[in-house]
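In what follows, a single structure is set out as structure tokens and then discussed.
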Amino acid sequence: MAEAADFPGMTPSPARRWLRRTGALLAGAPLLAGLLQLPAHADVRASAPTASDSGGVAVAVDSLSPAVPGDGDTVTVSGTVTNNGKQAVSDAHVGLWVGSVLTTRSAIDDAARDADDPDVGGGSEVGGKYVTEFDKLTPGVAEHFSISVPVDELDLGGEGVYPLGVALSGETSAQPWEHVLGVQRTFLPWQPEEADTETRTTVLWPLVSTVHMTAETGSDAQQTPVFLNDDLADEIAPGGRLDQLLALGKDLDVTWVIDPGLLASVDAMTGSYRIRGADDTTTAGTHQAVAKQWLAELQEAVQDKEVVALPFADPDLASLAHNGTGVTSSLSQLKAATDVAATTVETVLHVTPSTDFAWPVDGAVDPSIVKVATSAGADKVIARNDSLKETGGLTYTPSAPRPIGGGTTAVVADARLSKAFQGELTKASASTLAVQQFLAQSLALNLQTNKQRSIVVAPQRMPTAKQAQAMAEAVTALQGGSWSQSQPLTEAAAAKPDAGATTKVPSRSAYPSSLRKQELAQSAFQDIGTTQDKLDSFKVILTDESRVVTPFGRALNREMSTSWRGRAVPASTFRQDVRDYLDTLASQVKLIDKSETKLSGRSATIPVTVQNNLVQGVDHLVLRLTSTNPTRLEFGDDGSVEQKIAVSGGHSTTVKFATSANVNGKTTLIAQLYTEDGRPYGTAVSFDVKVTEITATVMLVIGGGVLLLVLAGFRMYTQRKRAAARRAEENGPEGNGPEETDEADGPGPDTDGPDADGPVNHRDPAERLKGESVLCAGADDPEQPSDETPDTAAESPDPSGTGERVDR
């Protein structure tokens with residue numbers, strides 16, 4: 001970006017220039033003498049800290065107060081010096097050096113890059129009593145220093161940014177003369193009077209986290225949620241990252257940018273919840289009080305403040321644009337995440353958020369990202385000027401809003417200000433330098449032109465607690481300064497764009513390769529699409545689909561989260577877990593396996609059992625039974641028959657299908673559940689039916705029984721005739737034989753014993769017939785193990801399956 005080379009009022013006065021030149025000459029004389037004669041003690045305090053030998057002394061500026069001094073203030077600089085060399089340093093002192101005003105933002109960048117290089121720099125030491133002296137610095141020992149200097153003693157000129165160096169000078173045995181051994185530079189923004197034109201500055205304050213909730217919920221009425229881990233409790237607990245962001249942000253005039261998925265997760269923690277363990281067991285969560293306290297404080301903090309809601313779970317717009325648009329359901333996932341965002345924020349925080357803004361990662365945009373970002377209804381895209389770079393030759397940083405076509409506005413954040421706190425800020429010295437550099441860049445930006453502009457600061461999505469503290473310190477100083485005034489994001493987006501500002505979105509090839517490497521792959525979106533298809537098939541059979549659609553819908557949003565960038569393995573594991581859990585639920589509605597069934601007769605009913613192990617009932621299912629050999633065993637005209645199914649939660653039902661057999665033999669039947677729209681549901685069940693024709697056998701048995709009766713009667717008749725003939729022969733004509741027995745009184749004993757035809761069977765022929773025909777009594781056979789007894793009303797009021805044989 002082009003910048004102005006100089007700013008009015010920033011050149012030192014002629015008298016001051018003369019004094020500085022005289023000081024430099026006076027300082028140069030002893031230095032020259034030292035170089036020629038190598039005296040033991042050469043006074044170089046007036047020279048700039050540009051010694052060629054660093055000496056191994058580290059200087060750390062831990063605090064600078066006030067960060068933006070005004071007339072009459074006293075500047076206090078504190079920190080430590082540590083001798084990292086092998087030799088002791090003697091006759092040492094720490095002093096402050098003030099350099100010439102920095103006239104461009106690029107010059108500030110250069111100074112920050114060389115902040116600890118003793119060979120770079122300039123200016124003069126304040127000296128005098130404004131130093132901290134050390135008789136000796138022992139190797140490996142850190143010594144504290146603190147220097148307080150009235151602003152008037154710093155000899156500052158007009159408004160602008162001044163480099164402020166803190167240098168340690170001393171002697172070593174190897175170099176027994178005073179020289180600079182270590183230096184640390186920072187920046188001193190100087191705006192003694194109110195600026196003629198103030199910069200309207202918008203600072204985004206993000207509340208975003210990683211994915212914490214699973215798709216799993218309990219079977220109770222409250223649907224107790226299950227969390228991946230207890231990390232969210234650590235973040236919102238006192239001292240945690242999100243607790244720090246909340247505590248610091250509530251006192252600032254900022255625009256809150258919130259992921260509704262985070263709010264939903266914390267809100268879920270206010271009630272009963274469970275934590276998944278390493279072995280897939282769960283334990284009860286115990287941080288309800290912490291969650292309630294955090295939400296209560298957030299509700300208070302955002303009252304009367306602007307709140308921007310990101311789509312639910314902060315989906316990765318760039319990944320979706322580059323790798324997901326080829327998957328059918330991907331854009332609908334973004335639409336769903338956007339639709340639920342406002343409702344979630346309103347429900348949890350009781351404020352109405354803006355959902356007009358899309359925020360790609362690091363503000364990097366290309367045409368495909370803009371298209372995807374606005375596809376769900378947003379008409380403003382938060383970009384950054386290291387992506388949407390200035391090419392129009394402006395000599396200043398233009399205002400944030402840029403019309404980029406199609407009714408879309410790119411709200412371009414300032415990269416230098418936005419990236420000021422991305423470094424490792426665990427050390428106080430790094431934090432102090434970041435704060436002072438941020439303020440220096442802001443003042444330098446304001447001094448570029450008298451034209452009032454709207455500037456946006458969009459920091460990293462998930463700053464650490466230390467980064468958040470540095471951000472808050474810088475924003476507090478900025479809002480207390482005299483060159484900037486706060487402004488909400490919606491007002492910044494509505495500001496008048498600069499006529500010469502770039503409005504052309506960079507090409508897709510210009511997207512940073514470092515960011516592209518972290519994107520979700522196309523396979524990730526294919527996984528999401530597969531899970532969505534499974535969910536669509538499952539939800540249509542449920543009597544209360546919200547119990548499934550809501551947790552799984554939000555889990556699918558979380559699968560697209562920006563927080564998965566650079567974490568491909570955990571992202572894949574999360575997607576797999578969601579899909580596996582959905583499969584587990586869907587498999588709770590199933591057909592019971594059947595073993596081979598025997599059909600005796602030309603017509604019968606065949607039972608098929610459907611089991612529902614879900615908590616809720618299922619409906620809108622169709623059970624179809626199909627014969628693979630309709631000529632042998634037929635159902636209707638096309639060889640299949642179907643019935644609608646409804647099963648209460650935790651129950652099963654048995655459906656009976658009427659069939660008729662044409663030919664004896666074995667036939668395979670296929671039972672399959674379908675949704676009402678004709679899509680197969682679950683796994684089909686195949687079983688064999690063996691058809692046996694029994695009518696001719698029964699007639700043979702009956703005929704045989706009748707023949708036995710006839711033969712038995714004939715035999716009795718012939719036996720009686722023979723007995724009568726013998727008696728008549730024995731008695732003769734005189735009738736002197738034994739007394740005749742009256743056969744009519746009842747059959748007597750068979751005195752002849754067995755005859756040639758074998759023993760006479762006096763068993764009732766009807767009893768024998770009953771014994772032969774017992775194979776026909778299918779209803780008396782034991783129940784088939786594979787057909788469960790229904791525990792809800794079946795489609796037929798008759799009992800369930802008869803076991804290995806079916807009802808006739």
Side-chain angles (χ1 to χ4, degrees), residues 533-534 537-538 540-541 582-614 618-647 651-694 778 781-792 794-796 798-808:
D533 289 342
K534 290 176 178 287
S537 297
F538 183 43
V540 297
I541 73 170
L582 180 57
D583 288 340
T584 299
L585 290 182
S587 66
Q588 300 306 302
V589 181
K590 60 183 178 180
L591 295 170
I592 300 299
D593 290 337
K594 291 179 63 67
S595 58
E596 183 180 274
T597 301
K598 292 181 180 179
L599 191 157
S600 302
R602 290 191 177 275
S603 62
T605 58
I606 297 178
V608 179
T609 302
V610 182
Q611 187 177 57
N612 175 20
N613 290 326
L614 296 173
V618 295
D619 202 348
H620 311 297
L621 273 174
V622 174
L623 175 57
R624 182 182 301 169
L625 190 62
T626 304
S627 172
T628 59
N629 191 348
T631 59
R632 177 173 295 170
L633 190 64
E634 63 177 324
F635 297 95
D637 296 333
D638 60 351
S640 65
V641 64
E642 60 184 34
Q643 293 189 38
K644 291 186 176 181
I645 302 295
V647 189
H651 294 77
S652 62
T653 189
T654 298
V655 184
K656 296 184 178 181
F657 295 92
T659 185
S660 58
N662 297 322
V663 182
N664 291 349
K666 184 181 294 185
T667 301
T668 299
L669 300 184
I670 300 175
Q672 174 68 63
L673 288 171
Y674 290 87
T675 58
E676 286 188 339
D677 59 0
R679 291 196 290 181
Y681 184 90
T683 304
V685 169
S686 299
F687 59 96
D688 294 331
V689 174
K690 186 175 182 181
V691 180
T692 56
E693 181 59 61
I694 66 168
D781 290 343
E783 186 178 19
Q784 178 177 291
S786 62
D787 294 327
E788 296 191 1
T789 302
D791 50 10
T792 59
E795 262 51 30
S796 170
D798 298 334
S800 60
T802 59
E804 297 303 322
R805 302 180 187 277
V806 298
D807 297 339
R808 298 185 62 192

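All values below were derived from every heavy atom in this structure, side-chain atoms included, with hydrogens, water molecules and symmetry-related copies excluded.
- The shortest side-chain heavy-atom distance between Leu625 and Thr659 does not fall under the 4.5 Å cut-off.
- Between atom CG of residue Leu669 and atom CD1 of residue Ile606 there is a gap of 5.0 Å, rounded to the nearest 0.5 Å.
- Minimum interatomic distance between Thr668 and Ser686 (heavy atoms only, all atoms of both residues): CG2-CB, 4.3 Å.
- Thr628 places a side-chain heavy atom less than 4.5 Å from the side chain of Thr667.
- Partner of Leu673 under the side-chain contact (heavy atoms from CB on, under 4.5 Å) criterion, chosen from Ile541, Val608, Val610, Val618: Val610.
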If you apply the rule side chain to side chain contact (heavy atoms under 4.5 Å, CB included), what do you find for Val540 with His620, and how did you get there?
CA-CA 7 Å; Val540 297; His620 311 297; 5.8 Å; no

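- For the pair Leu591/Leu623, a side-chain contact is recorded, criterion being any heavy-atom separation below 4.5 Å from C-beta on.
- A donor-acceptor pair under 3.5 Å is absent between the side-chain atoms of Tyr681 and the main chain of Val622, judged by distance alone.
- Shown here for Ala684 and Gln672, the closest heavy-atom pair between the two residues is CB-OE1, 2.9 Å.
- Counting all heavy atoms, side chain and backbone alike, Asn613 lies closest to Gln611 at ND2-OE1, 3.5 Å.
- Separation of atoms CG (Asp583) and CZ (Phe538) is listed at 10.0 Å; rounding is to 0.5 Å.
- A donor-acceptor pair is defined here as one N or O able to donate and one able to accept, closer than 3.5 Å; no such pair exists between the side chain of Lys594 and the backbone of Thr609.
- Across Val685 and Ile592, no two heavy atoms sit closer than the pair CG1-O, 4.1 Å.
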